[in-house]
Student: 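One structure, as structure tokens, below. Some questions next.
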Number of protein chains: 2
Amino acid sequence: MAEDWTDRHVARWKDHWLDLAFDEAVEGVFVRVNRIDRYLRRAKQRAVAEVGLTDFEYDTLHVLMIRDTPGSASPTELATELGVSGAGMTGRLDGLEKAGWIRRIPAVEDRRRVIVEVTKAGMAIWRQAMDLRGRAEDDLAEALTERELATLNRLLKKVTVRSEEREG
Amino acid sequence: MAEDWTDRHVARWKDHWLDLAFDEAVEGVFVRVNRIDRYLRRAKQRAVAEVGLTDFEYDTLHVLMIRDTPGSASPTELATELGVSGAGMTGRLDGLEKAGWIRRIPAVEDRRRVIVEVTKAGMAIWRQAMDLRGRAEDDLAEALTERELATLNRLLKKVTVRSEEREG
DNA sequence: AGCGAATACTTAGGTGGCGAAGTATCCTCC
DNA sequence: GGAGGATACTTCGCCACCTAAGTATTCGCT
């Protein structure tokens, strides 16, 4: 197979930094993981922009939709899952609410709480973006046979399992 | 093997969004790629913080060091490789220069240009961070046998090759 | 019952980053 | 050789996000 960016990266590394110990295969795997993630991030950004959402608006709608209780959550839950601060979440929700994609409902049983709920419009635009985004992923996946895809999935899972052990 | 975050994610998906067509294997692969990248990003952040660098300071030093001409580049080249704007680059370099990790040298043959050069201190702290960071990667890679690692690398490359075709 | 700690969210102040405009320098072509 | 455009970097105004402090409410303990 022709070389990819990662091959060139690893070759350069070997030339210039002989003294820094490193395993080519390990470096190759993780650099490629990073390149794939980066590519998909950009593809997502394009897809999402096409339907008229910013990256972070889509992300917020997305975690709101893929929960056990789809379309409904507290700001704190969303913030945790998105890896943003509570303050950041307030800002995002302000924007989403103003755009009409979510609404804030005061919780009756605990008046400190707020329930974030997606609106019909929010759900519709999220679905549009999802669809476009899925196409980019499917397109990439076509580089592999079904069998290869299954193997890749199995090996990646061994790695994620370990990473989740490390995180506790 | 026990289930990981991705298994739970895919299961939830199937329960709640039956109507949105999606391929489990494809979704599994790309969600795991994202989870691994996310884990390593955080591991890097911890490693880098330990030696006293912020994330973006390290990133900047890093691309500066792994070039064909290690330790020397123009701001524009760095900005392109880091995916930040020219303006953002100016800001980063201001900080790095103030901290004493790089210096700006006016280019003599073309006085519009500036040459960014790493200092001894900058190189030293980058190496420290590199070392710590490599350990997190090696630790993850130990989840796989050497043979599995090679297979994983081969399959990932098929995907990166396609992604690079798409980018032109 | 009531006081202090904990919880849920919002506001305030500061930082990195972006796009666009600005400044300086170099290249092209008549 | 001089005008117009391209190039390289910086400055400016704005935005999303962070940490820390603030407000409101509920829980826990005596």
Side-chain angles (χ1 to χ4, degrees), chain A residues 38 41-42 44-46 48-49 52-64 67 69 72-99 101-118 129, chain B residues 38 41-42 44-46 48-49 52-64 67 69 72-99 101-118 129:
Chain A
R38 180 194 179 103
R41 262 202 313 275
R42 294 195 180 167
K44 185 192 77 177
Q45 221 160 334
R46 279 194 299 273
V48 151
L53 286 171
T54 66
D55 215 33
F56 70 87
E57 285 171 337
Y58 170 79
D59 287 343
T60 311
L61 283 177
H62 191 65
V63 298
L64 185 54
R67 312 182 84 306
T69 56
S72 171
S74 75
T76 304
E77 287 166 341
L78 294 175
T80 305
E81 282 160 39
L82 284 161
V84 305
S85 70
M89 201 63 235
T90 298
R92 287 193 182 192
L93 293 176
D94 287 349
L96 287 169
E97 192 165 36
K98 207 152 140 191
W101 292 317
I102 60 125
R103 69 187 142 247
R104 279 189 252 227
I105 299 166
V108 284
E109 77 288 359
D110 181 347
R111 288 185 310 181
R112 290 169 304 180
R113 293 195 192 197
V114 167
I115 297 163
V116 179
E117 253 188 30
V118 75
Chain B
R38 180 193 179 106
R41 263 202 313 273
R42 293 193 181 167
K44 185 193 78 178
Q45 218 160 335
R46 279 194 298 275
V48 149
L53 286 171
T54 66
D55 216 34
F56 69 86
E57 286 171 336
Y58 171 80
D59 287 343
T60 311
L61 283 176
H62 191 66
V63 298
L64 186 53
R67 310 176 61 27
T69 55
S72 171
S74 76
T76 303
E77 286 166 342
L78 294 175
T80 305
E81 281 161 38
L82 283 161
V84 305
S85 68
M89 201 63 236
T90 298
R92 288 193 181 193
L93 293 176
D94 287 348
L96 288 168
E97 191 165 37
K98 207 154 143 191
W101 291 318
I102 58 124
R103 71 185 142 249
R104 278 190 252 225
I105 299 167
V108 285
E109 78 287 0
D110 181 346
R111 286 184 314 182
R112 289 169 305 180
R113 293 196 191 196
V114 167
I115 297 162
V116 178
E117 252 188 28
V118 74

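We name chains A, B, ... by the order of the sequence lines, and we start the count at 1 in each one.
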Student: Find the distance B:Leu82:CG to D:dC9:P and express it as a whole number of Å.
Tutor: 14 Å

Student: Please compare A:Asp110 and A:Asp94 by the position of their nearest nucleotide in DNA chain C and report the one closer to 5'.
Tutor: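 Closest to the 5' end, via its nearest nucleotide, is A:Asp110.
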
Student: Where the side chain of A:Arg113 is concerned, which of C:dA8, D:dA8, C:dT11 is the nearest nucleotide?
Tutor: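 Of the candidates, C:dA8 comes closest.
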
Student: Given B:Asp59 and B:Lys44, is the salt bridge (Lys or Arg N to Asp or Glu O under 4.0 Å) satisfied, shown in steps?
Tutor: CA-CA 10 Å; B:Asp59 287 343; B:Lys44 185 193 78 178; 2.7 Å; yes

Student: Is there side-chain contact between B:Asp55 and B:Arg41, with at least one heavy-atom pair below 4.5 Å?
Tutor: no

Student: Between C:dC9 atom C1' and A:Arg92 atom CZ, what is the distance in whole Å?
Tutor: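 That distance rounds to 17 Å.
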
Student: Would one find a side-chain N or O of A:Arg111 under 4.0 angstrom from OP1 or OP2 of D:dA24?
Tutor: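 For A:Arg111, the contact criterion (side-chain N or O under 4.0 Å from OP1 or OP2 of D:dA24) is not met.
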
Student: For B:Asp55 and C:dG17, give me the distance from atom CG to atom P, rounded to whole Å.
Tutor: 10 Å

Student: Can you measure A:Leu78 atom CG to D:dA16 atom C1' for me and round it to whole angstrom units?
Tutor: 17 Å

Student: Counting only side-chain N and O atoms of A:Arg112, is one of them less than 4.0 Å from OP1 or OP2 of C:dA6?
Tutor: no

Student: Please tell me which of the listed nucleotides, D:dT10, D:dT11, D:dT19, lies nearest to the side chain of B:Ala87?
Tutor: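 So the side chain of B:Ala87 is nearest to D:dT11.
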
Student: Just the rounded figure in Å: distance from C1' of C:dC9 to CG of A:Leu93.
Tutor: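 About 10 Å, once rounded to whole Å.
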
Student: Taking for each residue the nucleotide of DNA chain D bearing the nearest heavy atom, is the 5' side occupied by A:Glu109 or by A:Gly86?
Tutor: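 Counting from the 5' end, the first nearest nucleotide belongs to A:Gly86.
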
Student: For the pair made of CD in A:Gln45 and P in C:dC18, what is the distance, rounded to whole Å?
Tutor: 11 Å

Student: Output the rounded distance in Å from CD (B:Glu97) to C1' (D:dC9).
Tutor: 13 Å

Student: Nearest-nucleotide wise, let me know which of B:Gly91 and A:Met89 is further upstream toward the 5' end of DNA chain D.
Tutor: B:Gly91

Student: Between C:dC26, C:dT11, D:dT26, which nucleotide gets closest to the side-chain atoms of A:Thr90?
Tutor: C:dT11

Student: Please check the phosphate of D:dC9 (OP1 and OP2 only) for any side-chain N or O of B:Thr76 closer than 4.0 Å.
Tutor: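 So the side-chain polar atoms of B:Thr76 do come within 4.0 Å of the phosphate oxygens OP1 or OP2 of D:dC9, strictly under.
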
Student: Is the closest side-chain heavy-atom distance between A:Pro75 and A:Thr90 below 4.5 Å?
Tutor: no

Student: Less than 4.5 Å apart, side chain to side chain, heavy atoms only: is that true for B:Trp101 and B:Leu53?
Tutor: yes

Student: Return the nearest nucleotide to the side chain of A:Phe56; candidates are C:dG16, D:dC17, D:dC12.
Tutor: D:dC17

Student: What is the separation between atom OH on A:Tyr58 and atom P on D:dA16, rounded to the nearest whole Å?
Tutor: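 Whole-Å distance recorded here is 19 Å.
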
Student: Evaluate the side-chain proximity of A:Val118 to A:Leu96: yes if any heavy-atom separation is below 4.5 Å, no if none is.
Tutor: no

